[in-house]
Amino acid sequence: MSQTTEHPAHLQHHFSDVHQQAESAKLGMWIFLLTEVLLFGGLFCFYAIYRSWNPEMFHNAHAFLNVWMGATNTVVLIVSSLTMALAIRSMQLGKRKLTMWFLAGTVFLACVFMVIKYFEYSHKIHLGQLPGKWYFFEGIAGTNPHIFFSAYFLMTGLHGFHVLGGIAVITWLFIKTARGSFSPEYYTPIEMTGLYWHLVDLIWIFLFPLFYLIG
Amino acid sequence: MDTARTLFLPPQGSTVASDVDALFGFIFWVSLFFFVGVTALTVYFCIKYKRKDGKAETTPYIESMALEITWIVIPTILLMVIFVWGFQDFVRLHIVPANSMEIKVTGQKWFWSYNYEEGATGVGELVVPVGQPVKLLMSSKDVIHSFFVPAFRIKMDVLPNRYTITWFEATMTGEFQIYCTEFCGKGHSEMWGTVKVLPQDEFDKWLEAGSGPDSNETMAEYGARMFVKNACNTCHSIDGSKNVGPTFQGLFGRREVMSDGTAITVDENYIRESVLNPMAKQVAGYDPVMPTYQGILKDVDIDGLIAYIKSLEN
Amino acid sequence: MEHTIPEKHYLNEATGWKSWLMTLDHKRIGILYMIMVMFSFFLAGVFALLIRWELLSPDKIFMGPEMYNQAFSLHGIIMIFLFIIPSIPAILGNFVMPLMIGAKDVAFPRLNLASWYIYVIGFCFAVYALFAGGIDTGWTFYTPYSSESTTAVIPILTAAFVLGFSSIFTGLNFIVTIHRLRAPGMTWFQLPLFVWAIYATALIQVLATPVLGITLALLMLERVVGIGIFDPAMGGDPVLFQHFFWFYSHPAVYIMILPGMGIISELIATFSHRRIFGYKFIAFSSLGIAFTGFLVWGHHMFVSGQSDLAAVIFSFLTFFVGIPSGIKILNWIATMYKGSISLDSPMLWALSFLILFSIGGFTGIVLGTLSIDVHLHDTYFVVSHFHYVMVGGTVMAIFGGLHYWWPKIWGRMYNETLARIAVVMIFVGFNVTFFVQFIMGTQGMPRRYATYLPQFQGMHGFSSIGALIMGVGFLLIAIYLIHAIFRGKPAGPNPWKSLTMEWETPSPPTAGNFEGQPVLEHGPYDYDKVIPENSLKPYKTL
């Protein structure tokens with residue numbers, strides 16, 4: 001048996017074998033995702049409470065969101081989850097170049113998401129539909145319309161921040177794949193990032209109807 | 001009732017106090033019983049089973065599900081008894097009797113003020129009749145405070161965005177301490193008040209008499225009383241020293257420079273305006289923190305203060 | 001028997017600043033935490049002494065109300081976020097837990113080091129806040145006061161936010177370690193109870209802390225952006241802050257106590273030289289406390305204006321949290337029955353815990369009772385209750401654990417006579433400080449008061465004397481423990497003759513912990529099957 005299969009380069013010294021290492025990584029990532037769910041959970045709670053206190057205002061305010069941009073972004077993220085999953089699949093099959101294409105595609109789609117977000121945000125900033133004391137838009141009936149936009153910017157903003165984090169990590173994965181760090185025997189970082197990316201997508205799938213579609 | 005004295009509780013000044021104390025006493029004695037048991041067993045075992053000559057010996061281990069179940073079930077039952085008892089008293093603390101007299105309580109940094117339905121007002125001292133349920137409708141003008149009367153065993157936070165309610169029926173006459181028990185800043189520890197419980201006839205007289213100097217007081221003496229009663233003295237000195245606000249010594253007739261650069265001479269109108277609308281003219285060199293006494297002080301109270309200030313010459 | 005320090009161990013296998021600041025060894029990381037966390041304890045303790053000194057008289061001695069408000073706020077914030085929450089998991093969890101389960105390290109050593117650095121960054125923000133205006137809101141940061149306070153609120157909130165991540169990553173690391181890195185043969189029910197306790201704590205760290213993070217972030221946005229979510233003038237609700245805050249902060253108190261209870265299980269078993277009574281009950285009670293701890297946050301808010309129905313539900317659930325704790329105390333005492341008890345200093349700490357935590361627990365029942373809490377909320381009764389459980393409970397356990405594992409960490413034993421004097425000083429000083437505060441509370445003395453009515457002066461003075469005794473006691477401990485690091489007698493691998501796996505390594509352990517992969521040969525409490533010795537040879541069986 002060759003040295004590398006007994007003690008492969010990627011096996012960290014405190015693990016007894018690659019299986020233990022891979023299982024640990026998976027459990028660790030799932031727990032991390034759980035903490036992310038709780039982080040966003042607090043904000044979803046905040047949304048629910050303020051929506052129950054201002055139902056009409058939420059309804060009136062949401063009309064000012066562009067459903068088509070939101071829907072496009074939803075499709076963009078779902079497709080990016082697909083490209084991410086395909087990137088993992090490609091590395092399972094040992095296809096390094098294909099993996100790189102799919103990773104690049106995921107990053108590209110994530111950037112498209114951020115660009116669309118940029119247009120949405122700048123339009124709102126221009127109109128004065130801003131959180132809290134910075135709000136100055138006239139034309140939404142109901143109590144305290146700034147609350148809707150506080151929730152909107154907080155939640156989509158935190159989500160966007162996580163998309164940016166994802167872009168950074170997937171770019172790093174792209175570079176490592178180019179350097180040949182991964183193989184069908186070892187692609188754990190790609191798989192773990194994939195889990196993270198799916199959560200980011202999933203959170204958006206909740207945000208989209210709550211902000212764009214309620215009515 | 002003896003419970004209060006044996007367990008260091010305050011005098012029982014309201015109808016609910018004896019119930020609250022009785023439950024406190026029950027929990028205390030039950031806890032003491034178990035605590036003594038736990039401690040005694042621990043000490044006893046440490047003596048009886050002391051390791052001899054550094055030689056550790058062990059004895060066979062006997063599991064006992066029966067023991068485990070027992071000491072889960074018995075405490076659970078006791079706790080449920082305590083919960084139900086506490087819940088019942090809590091309900092009584094929260095259901096306001098129908099024949100209550102209502103007083104509006106306002107908390108702000110750093111004093112309590114009261115408005116009675118009949119129009120009377122008070123600051124710091126809450127005057128109520130004995131043997132009459134009193135409903136307190138409470139709110140805050142700024143941050144969260146909490147209205148606490150230990151002798152009545154009542155406490156309720158006062159909030160800036162809505163009313164909270166508590167009630168009591170005083171069972172004895174006297175004066176009882178009010179504390180603020182929600183941290184509210186610099187003056188939190190001194191946001192005191194007193195509940196003054198009077199016999200019904202004296203209370204009626206107090207209500208009718210309203211404000212104004214007593215028959216043997218001059219206006220200035222009445223003003224001196226108002227100066228302390230309305231907590232003016234927490235921010236204004238009378239000996240010339242600078243405090244949160246300007247000193248009243250030699251104030252009347254003094255030339256003061258305002259924060260906008262204009263200068264005025266202190267006269268009756270200026271004092272009256274400062275009391276009712278303090279933000280209108282602010283003396284330079286002081287923070288704009290004076291609260292308004294609109295709705296709290298009557299005209300005669302302000303007249304008294306003016307007379308008092310006039311009497312404080314250099 | 002004369003013992004010697006092994007030639008090569010984790011402390012000397014690499015030297016120099018870099019080998020410490022870039023270490024991936026869980027044992028070194030535990031020590032790095034020890035330095036920062038115990039320094040924070042000292043700092044917060046100084047604030048406590050300042051508070052008790054000022055309270056010797058109702059008149060101002062050297063602190064006016066504004067300074068006093070800063071003193072109690074900083075005492076609370078530093079004690080809670082920089083000391084007690086990280087304490088046992090980060091120091092002893094890191095050092096001992098992997099050794100106890102037969103692992104070479106935690107699952108993610110680099111994340112472990114990152115957690116320490118994140119702690120240090122949080123520490124720096126807190127120190128910056130100290131000098132940038134301090135903080136006067138109390139550790140609870142209630143709105144609207146905290147939205148308006150002119151002190152360094154944003155830096156201190158940032159500190160707490162950052163420290164939260166340190167806590168989350170430590171918890172995550174420990175959960176994966178305990179699930180995946182146990183030695184062959186070490187099933188869940190062969191785990192020492194300290195590991196169960198660390199595991200239950202880690203679950204809370206991971207699930208509750210993110211909510212704190214978002215709460216603090218919302219408060220920061222409230223101040224900076226004026227989002228108005230806690231501001232009634234903008235349609236917000238200040239009581240909502242309390243709900244968000246306590247949703248984390250109540251489970252947080254179980255982060256504080258559960259590891260301590262884990263240590264007590266180890267101390268009672270070892271120093272009674274007996275199998276723990278009711279092992280499964282104690283293990284499951286840790287999980288039970290972790291779970292129910294999430295359901296009772298509203299018992300901090302009985303007089304906040306929340307609905308009566310909510311108050312009733314929270315009170316009901318609060319009583320259920322008390323039961324698992326009671327189960328543990330009774331099981332520990334039953335362990336001592338027919339044991340072979342040695343009153344070494346770690347055991348004295350454990351016994352102090354039993355007595356003081358019981359008082360804390362009973363007074364918790366008092367406070368959970370709706371009608372009585374109305375009277376006692378926000379008085380010194382509450383202050384005394386939580387000091388009995390946090391100091392009389394957790395701090396007793398921390399020092400018991402530090403004394404117990406000190407010979408393993410450094411290879412050397414401390415002076416036992418001084419240690420016994422210290423624990424007595426702390427026990428006496430603690431009760432002198434805090435028992436009288438129950439009485440003050442029942443008489444209505446409110447908390448967070450810079451001054452007080454004259455009738456309370458005697459009790460305040462008595463309490464302050466106790467604080468001084470405690471301060472001297474802790475100083476004494478620091479002196480002889482640090483002295484032991486350099487001059488203590490070599491202790492040998494298993495000075496207490498315990499059966500958990502960390503004692504099957506040399507003292508101090510090698511960098512890699514074990515030779516090869518250890519396999520479970522006996523349970524952690526098999527005192528009726530195996531005779532442990534202070535040596536590395538296999539133990540005799542009975």
Side-chain angles (χ1 to χ4, degrees), chain A residues 11-17 19-54 57-58 130-135 142-155 157-158 161 188 192, chain C residues 24-26 98 103-111 164-165 168-169 171-184 202-203 205-215 217-218 221-222 224-229 231 233-237 240 243-244 247-248 511-513 516-517:
Chain A
L11 177 64
Q12 291 168 42
H13 76 98
H14 58 286
F15 288 115
S16 51
D17 55 61
H19 177 72
Q20 191 185 56
Q21 180 174 297
E23 290 299 299
S24 298
K26 275 201 203 117
L27 182 58
M29 180 49 79
W30 277 107
I31 295 173
F32 175 67
L33 296 184
L34 188 59
T35 67
E36 293 277 44
V37 167
L38 277 144
L39 189 77
F40 277 93
L43 289 177
F44 276 102
C45 220
F46 158 63
Y47 172 95
I49 292 171
Y50 280 100
R51 180 159 169 196
S52 72
W53 286 345
N54 303 280
M57 180 277 286
F58 263 68
L130 286 162
K133 67 181 188 209
W134 292 339
Y135 179 88
T143 47
N144 295 307
H146 65 86
I147 292 178
F148 177 86
F149 292 100
S150 293
Y152 173 79
F153 278 101
L154 267 174
M155 295 176 78
L158 185 64
F161 178 72
T188 312
M192 297 302 105
Chain C
L24 294 179
D25 183 344
H26 67 99
K104 288 198 175 325
D105 210 301
V106 292
F108 307 117
R110 287 172 297 188
L111 184 65
F165 280 102
I168 292 173
F169 291 139
L172 191 158
N173 220 335
F174 285 177
I175 294 174
V176 180
T177 307
I178 295 170
H179 270 276
R180 295 270 167 242
L181 268 63
R182 297 191 310 276
L203 289 174
Q205 283 175 289
V206 151
L207 294 174
T209 321
V211 179
L212 176 75
I214 210 74
T215 305
L218 286 173
L221 288 169
E222 180 84 348
V224 169
V225 175
I227 48 168
I229 87 163
D231 180 353
M234 293 178 73
D237 183 5
L240 184 62
H243 281 288
F244 273 134
F247 186 82
Y248 164 73
N513 295 348
Q517 171 68 65

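Keep in mind it's a predicted model, so treat the numbers as computed, not measured. Side chains included, hydrogens not; waters and symmetry mates left out as well; all remaining heavy atoms used. We name chains A, B, ... by the order of the sequence lines, and we start the count at 1 in each one.
Under the rule for a side-chain hydrogen bond (donor to acceptor under 3.5 Å, both in side chains), A:Gln12 has no partner lying at least two apart in sequence or in another chain. With sequence neighbours excluded, no residue forms a side-chain hydrogen bond (donor to acceptor under 3.5 Å, both in side chains) with A:His14.
By the neighbour-count criterion of 12 heavy atoms within 6.0 Å, atom NE2 of A:His13 is densely surrounded, having more than that number from other residues, nucleotides or ligands.
Looking at C:Asp237, the atoms closer than 4.5 Å to chain A (heavy atoms on both sides) sit in the backbone and in the side chain alike. Residue C:Phe169 touches chain A through its side chain alone, counting heavy-atom pairs closer than 4.5 Å. Only the side chain of C:Leu221 comes within less than 4.5 Å of a heavy atom of chain A; its backbone N, CA, C and O stay farther away. Looking at C:Ile214, the atoms closer than 4.5 Å to chain A (heavy atoms on both sides) sit in the backbone and in the side chain alike. Proximity to chain A is absent for every atom of C:Leu24, based on heavy atoms less than 4.5 angstrom apart. Contacts between C:Leu240 and chain A at a heavy-atom distance below 4.5 Å involve the side chain alone, from C-beta outward.
Judged as a side-chain hydrogen bond (donor to acceptor under 3.5 Å, both in side chains), the pairs with a partner in residues 36-47 of chain A (not counting sequence neighbours) are, in order, A:Glu36-A:His162, A:Tyr47-A:Arg51.
Considering all non-hydrogen atoms of both residues, C:Ala107 and A:Phe15 come closest at O-CZ, 3.2 Å. What you find for C:Gly235 and A:Ile147 is that their closest heavy atoms are O-CD1, 3.9 Å.
When each of C:Gln517, C:Arg180, C:Glu222 is checked for heavy-atom pairs under 4.5 Å with chain A, C:Arg180 comes out on top. The candidate from C:Leu212, C:Ile168, C:Asp105, C:Leu181 with the greatest count of non-hydrogen atom pairs under 4.5 Å with chain A is C:Leu181. In terms of heavy-atom pairs under 4.5 Å with chain C, the best-connected choice from A:Gly132, A:Gly41, A:Ala25 is A:Gly132.
Remark: side-chain polar atoms of A:His146 are not paired, donor with acceptor, to backbone N or O of C:Gly228 under 3.5 angstrom.
Of residues 28-35 of chain A, those residues with a non-hydrogen atom less than 4.5 Å from any non-hydrogen atom of chain C are, in numerical order, A:Gly28, A:Ile31, A:Phe32, A:Leu34, A:Thr35.
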Please lay out, stage by stage, how C:Leu218 and A:Leu43 fare under the test side-chain contact (heavy atoms from CB on, under 4.5 Å). CA-CA 9 Å; C:Leu218 286 173; A:Leu43 289 177; 4.1 Å; yes

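Using a 4.5 Å heavy-atom cutoff, the side chains of C:Val225 and A:Leu130 are not in contact.
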